[in-house]
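Please read all numbers here as calculations on a predicted model, not as lab measurements. Computation of the quantities below employed the complete heavy-atom set of this structure, encompassing side-chain atoms and omitting hydrogens, waters and symmetry-equivalent molecules.
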Amino acid sequence: QVQLQESGGGSVQSGGSLRLSCEASVYSYIDYCVGWLRQAPGKERENVASITSDGIITYADSVKGRFTISEDKGKKTSYLQMNSLKPEDTAMYYCVADDLPRDSRGGNWCSQDFGYRGQGTQVTVSS
């Protein structure tokens, strides 16, 4: 059972920055994906960023150039640095992960069907 624990959400003004952290037990596995997805009220879930055990990093077009995903394997933690935040970034952010080999995952985003999701942390950006 993979365990995920997010932290770092909060409220900022437009143009501000936040860093989210996700402590993930999945780093004990050889194959893994760790990422972030978000969901705002009335909107569909959106994959934001992911990083895999073979070093593939993927971003949604909406956050490219503003968000950076990274990891510290020693601390079993993934980070999402969010800069130049916009009101449309307001959402609940969830850390997601899976322990699947790339061939089983079917893409660069972490599997939602066969993966895990944390409790979520709220990010609110005011204009």
* Hey, could you give me the OH/OG distance between Tyr32 and Ser50, rounded to the nearest 0.5 Å? => 11.5 Å

* Please report the C-alpha distance between Trp36 and Ile69 in whole Å, then the side-chain angles of each, then the deciding distance to 0.1 Å, and finally whether the side-chain contact (heavy atoms from CB on, under 4.5 Å) criterion is met. => CA-CA 9 Å; Trp36 297 86; Ile69 190 170; 3.9 Å; yes

* To do: Indicate if Tyr59 and Leu37 have the same hydrophobic cluster label, given that clusters are the connected sets of ILVMFWY residues with side-chain heavy-atom separations under 4.5 angstrom.
  => no

* Asked: Going hydrophobic residue to hydrophobic residue with side-chain gaps under 4.5 angstrom, can you get from Leu100 over to Val2?
  -> no

* Asked: Are a donor atom and an acceptor atom from the side chains of Gln122 and Tyr93 found within less than 3.5 Å of each other?
  -> no

* **Pair Asp54 + Arg102, salt bridge at N-O below 4.0 Å** => yes

* To do: Check for a donor-acceptor pair, side chain of Asp98 on one end and backbone N or O of Ser111 on the other, with a separation under 3.5 Å.
  => yes

* **Trace of the side chain to side chain donor-acceptor pair (under 3.5 Å) decision for Ser28 with Lys76** => CA-CA 8 Å; Ser28 299; Lys76 296 185 178 180; 2.9 Å; yes

* So if you build clusters from Ile, Leu, Val, Met, Phe, Trp, Tyr with side-chain heavy-atom gaps below 4.5 Å, do Ile56 and Ile51 land together? -> no

* To do: Output yes when Asp61 and Lys64 qualify as a salt bridge under the 4.0 Å nitrogen-oxygen rule, no when they do not.
  => yes

* To do: Identify the heavy atoms of Ala97 and Leu4 that sit nearest to each other, and give their distance.
  => CB-CD2, 3.8 Å

* Asked: Got Arg117 and Arg45 here, is their nearest side-chain heavy-atom distance under 4.5 Å?
  -> yes

* For Glu6 and Gln119, indicate whether the former's side chain and the latter's backbone hold a donor-acceptor pair under 3.5 Å. => yes

* Which one of Gln81, Lys75, Met82 satisfies the side chain to side chain contact (heavy atoms under 4.5 Å, CB included) criterion with Tyr79? -> Lys75

* Straight-line distance of Gln3 CD to Gln5 CD, nearest 0.5 Å -> 9.5 Å

* Structure fact -> Minimal heavy-atom distance between Pro87 and Ser126, with the atoms involved, is CG-C, 4.5 Å

* To do: Test side-chain contact (heavy atoms from CB on, under 4.5 Å) on Val34 and Val26 and set out the steps.
  => CA-CA 8 Å; Val34 178; Val26 75; 3.4 Å; yes

* To do: Output yes when a side-chain donor or acceptor of Thr121 lies under 3.5 Å from a complementary backbone atom of Gly9, and no otherwise.
  => yes

* Following the transitive rule for hydrophobic clusters with a side-chain heavy-atom cut-off under 4.5 Å over Ile, Leu, Val, Met, Phe, Trp and Tyr, establish whether Leu85 and Val63 coincide in one cluster. => yes

* Asked: At what distance, to the nearest 0.5 angstrom, does OG1 of Thr124 lie from CD of Gln13?
  -> 12.5 Å

* List the atom of Gln39, the atom of Lys43, and the distance in Å for their closest heavy-atom pair. => NE2-O, 3.2 Å

* Structure fact -> So ring pair (Phe, Tyr, Trp, His ring centres under 6.0 Å) across residues 101-127, not counting sequence neighbours, yields none

* In chain order, what residues pass the ring-ring contact (aromatic ring centres under 6.0 Å, His included) check against Tyr94, with sequence neighbours excluded? -> none

* To do: Identify whether Phe67 and Leu18 are in the same connected component of the hydrophobic contact network (ILVMFWY, side-chain heavy atoms under 4.5 Å).
  => yes

* Asked: Is there a donor-acceptor pair closer than 3.5 Å between any side-chain N or O of Thr58 and the backbone N or O of Ala49?
  -> no

* Yes or no on side-chain contact (heavy atoms from CB on, under 4.5 Å) for Val12 and Ser17, after CA distance, side-chain angles and deciding distance? -> CA-CA 7 Å; Val12 295; Ser17 298; over 6 Å; no

* Asked: So, does Ser21 use its side chain to make a donor-acceptor pair with the main chain of Ser7 at under 3.5 Å?
  -> no

* Where do Thr77 and Asp72 land on the side chain to side chain donor-acceptor pair (under 3.5 Å) test, with the steps shown first? -> CA-CA 5 Å; Thr77 300; Asp72 184 331; over 6 Å; no

* Asked: If you draw a 6.0 Å radius around CD in Gln112, do more than 12 non-hydrogen atoms from other residues or ligands fall strictly inside?
  -> yes

* Under the side chain to side chain donor-acceptor pair (under 3.5 Å) test, which residues partner Ser62, sequence neighbours left out? -> Arg38, Glu46

* For the residue pair Asp99 and Asp31, establish whether any side-chain heavy-atom pair is separated by less than 4.5 Å. => no

* Is the backbone of Ser70 close enough, under 3.5 Å, to the side chain of Ser78 for a donor and an acceptor to pair up by distance? -> yes

